[in-house]
Amino acid sequence: MQQVNVKFNDVNQIRRFVDVIDKIDSCFNLGEGRRVVDAKSILGVMALDLTRPLQLTYDSDDEGIREKLTPFIYG
């Protein structure tokens, strides 16, 4: 299980994020605390508090995934 923090600046960035991870054969969860959604669901992502960084977890050790997530990683 891998974990990174992500933050979005606008709706277009959220759309690009969902498009990127939707093409990856892995399970992605996004949120913080008890509020966690399927990160491949644009409606789920939009329902989160986007004013601060969120935790993205995924179940793959493929280093190529982290490279694809680089534009969205916070910190």
Side-chain angles (χ1 to χ4, degrees):
M1 180 83 53
Q2 300 293 320
Q3 179 178 320
V4 294
N5 290 326
V6 296
K7 184 153 180 17
F8 306 107
N9 298 320
D10 57 35
V11 175
N12 289 327
Q13 191 175 28
I14 294 169
R15 187 176 324 129
R16 287 192 307 273
F17 169 78
V18 172
D19 285 345
V20 167
I21 65 169
D22 194 43
K23 295 175 182 141
I24 300 170
D25 186 29
S26 187
C27 179
F28 290 86
N29 292 308
L30 182 66
E32 64 178 335
R34 294 184 297 170
R35 187 146 169 100
V36 177
V37 300
D38 176 1
K40 292 184 178 185
S41 166
I42 195 162
L43 292 176
V45 174
M46 298 283 284
L48 296 171
D49 178 5
L50 302 173
T51 62
R52 48 187 160 171
L54 299 166
Q55 280 187 340
L56 176 70
T57 57
Y58 56 97
D59 62 358
S60 176
D61 293 326
D62 181 0
E63 289 298 319
I65 292 175
R66 190 172 179 99
E67 289 178 26
K68 293 176 183 175
L69 297 174
T70 300
F72 313 105
I73 293 177
Y74 179 81

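What you see below is based on every heavy atom in this structure, not just the backbone, and it leaves out hydrogens, waters and symmetry mates.
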| said: Under 4.5 Å between side-chain heavy atoms, counting indirect links through other Ile/Leu/Val/Met/Phe/Trp/Tyr residues: same cluster for Ile65 and Phe17 or not? | reply: yes
| query | Just wondering, more than 12 heavy atoms not from Lys68 lying within 6.0 Å of its NZ? | reply | no
| task | Using a 4.5 Å cut-off on heavy atoms from C-beta on, say whether the side chain of Lys7 contacts that of Phe72. | result | no
| query | Val45 and Val37: which non-hydrogen atoms are nearest, and at how many Å? | reply | N-CG2, 4.0 Å
| said: Can a donor-acceptor pair be found, under 3.5 Å and without considering hydrogens, that links the side chain of Arg35 to the backbone of Ala47? | reply: yes
| message | Rounded at 0.5 Å granularity, tell me how far CG in Asp22 sits from OG in Ser41. | response | 10.0 Å
| Single-linkage hydrophobic cluster, 4.5 Å side-chain cutoff, Phe28 and Val20 together | yes
| field | More than 12 heavy atoms of other groups within 6.0 Å of Gln3 CD | value | yes
| task | Spell out, as yes or no, whether a donor-acceptor pair under 3.5 Å connects the side chain of Thr70 to the backbone of Arg66. | result | yes
| said: Run the side-chain contact (heavy atoms from CB on, under 4.5 Å) test against Gln2 and tell me which residues pass, sequence neighbours left out. | reply: Tyr58, Asp61
| request: Determine whether Ile21 and Leu69 make a side-chain contact, defined as any pair of heavy atoms from C-beta on separated by less than 4.5 Å. | output: yes
| field | Pairs involving residues 36-50, ordered by first then second residue, that meet salt bridge (charged side-chain N to carboxylate O under 4.0 Å, His left out) (sequence neighbours left out) | value | Asp49-Arg52
| field | Side-chain heavy-atom pair Leu56, Asn5 within 4.5 angstrom cut-off | value | no
| Does Ile14 share a hydrophobic cluster with Val36, counting links as ILVMFWY side-chain heavy atoms below 4.5 Å and allowing steps through other members? | no
| request: For the residue pair Leu54 and Leu48, establish whether any side-chain heavy-atom pair is separated by less than 4.5 Å. | output: yes
| query | Cluster question for you: counting only ILVMFWY and a side-chain heavy-atom cut-off of under 4.5 Å, with indirect links fine, are Val11 and Tyr74 together? | reply | no
| said: Do Val6 and Leu30 have side chains that approach each other closer than 4.5 Å (heavy atoms only, starting at C-beta)? | reply: yes
| If we only count heavy atoms from C-beta on, is the Ile42 to Arg15 side-chain gap below 4.5 Å? | yes
| query | Looking at CG of Asp59 and OG of Ser26, how far apart are the two atoms once the value is rounded to the nearest 0.5 Å? | reply | 4.0 Å
